[in-house]
Amino acid sequence: MTEPNFVVTDHPEANRFEMHRDGELVGFADYRVRGNTLAVPHVETLRPHRGQGYGARLMDGLLEIIRADGRRIDPICPFAAGHIAADPSLHELRAD
């Protein structure tokens, strides 16, 4: 069996990150731009894909993009805040 292909992309025109699994949208994270910081008020895994760890994969992907762009995150969404709080290597990305 082939491992699923997950891709997280930034869609600045829609102010959201999207995650696709084998081409199918499985989750997204809305954001607002505040200078060099992205405020993330909402992270969602679509209903048929919940409970499979996709929200964490989405967060990891968007944080990788944010890190590569030299930006920071204000995780307003409780899920996003919890994901970052659980991993000390991500704390440096928080805009405090």
Side-chain angles (χ1 to χ4, degrees):
M1 190 159 120
T2 306
E3 182 70 23
N5 181 27
F6 291 93
V7 178
V8 176
T9 52
D10 183 8
H11 296 272
E13 71 284 354
N15 288 329
R16 79 183 207 169
F17 291 94
E18 294 181 353
M19 184 173 76
H20 290 81
R21 176 185 171 215
D22 296 330
E24 177 186 3
L25 180 67
V26 296
F28 62 91
D30 296 321
Y31 67 81
R32 292 187 306 268
V33 178
R34 294 182 185 155
N36 199 36
T37 298
L38 299 182
V40 177
H42 183 74
V43 176
E44 182 174 337
T45 301
L46 301 181
R47 191 171 310 278
H49 306 287
R50 292 182 184 160
Q52 300 176 56
Y54 292 174
R57 283 181 185 258
L58 171 58
M59 284 300 302
D60 289 340
L62 75 84
L63 290 167
E64 184 177 310
I65 292 169
I66 288 171
R67 180 178 272 137
D69 291 345
R71 296 184 286 179
R72 313 267 286 184
I73 184 171
D74 179 7
I76 299 167
C77 169
F79 178 81
H83 185 81
I84 292 168
D87 185 347
S89 73
L90 300 174
H91 295 182
E92 68 187 37
L93 296 175
R94 282 189 68 112
D96 292 321

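Pairing each heavy atom of A29 with each of V43, the nearest pair is CB-CG2, 3.9 Å. Scanning all heavy atoms of the two residues, the minimum distance from R94 to I84 falls at CG-CG2, 3.7 Å. Here the closest non-hydrogen pair linking R72 and I66 is N-CG2, 3.8 Å. The two residues D30 and P41 make their nearest non-hydrogen contact at O-CD, 3.3 Å.
The side-chain hydrogen bond (donor to acceptor under 3.5 Å, both in side chains) check on D87 picks up S89, with sequence neighbours excluded. Under the rule for a salt bridge (Lys or Arg N to Asp or Glu O under 4.0 Å), the partners of R34 that lie at least two apart in sequence or sit in another chain are D74.
Sorted by first and then second residue, the ring pair (Phe, Tyr, Trp, His ring centres under 6.0 Å) pairs with a member in residues 8-32 read F17-Y31, F28-H42; sequence neighbours excluded.
If you take CG on L25 and CD on E18, they are separated by 5.0 Å, rounding to the nearest 0.5 Å. To the nearest 0.5 Å, the span separating CE on M19 from CD on E24 amounts to 10.5 Å. Atoms CG and CG, from L62 and L38 in turn, are 8.5 Å apart once rounded to the nearest 0.5 Å. Between T45 atom OG1 and L58 atom CG the span is 6.5 Å, to the nearest 0.5 Å.
Using a 4.5 Å heavy-atom threshold, the side chains of L90 and H83 count as touching. The shortest distance between side-chain heavy atoms of R21 and R57 does not fall below 4.5 Å. No side-chain heavy atom of E44 sits less than 4.5 Å from a side-chain heavy atom of H49. L63 is listed as a side-chain neighbour of I73, based on a closest heavy-atom distance under 4.5 Å.
In terms of hydrophobic clustering, with Ile, Leu, Val, Met, Phe, Trp and Tyr side chains grouped at heavy-atom distances under 4.5 Å, V33 and I65 are assigned to a common cluster. Put simply, M59 and I76 are part of two different groups of oily side chains (I, L, V, M, F, W, Y) that touch within less than 4.5 Å, one to the next.
The local environment of CD in E64 is sparse, with at most 12 non-hydrogen atoms from other residues, nucleotides or ligands closer than 6.0 Å.
Under the 3.5 Å distance criterion, the side-chain polar atoms of N5 are left unmatched by any main-chain donor or acceptor of D22.
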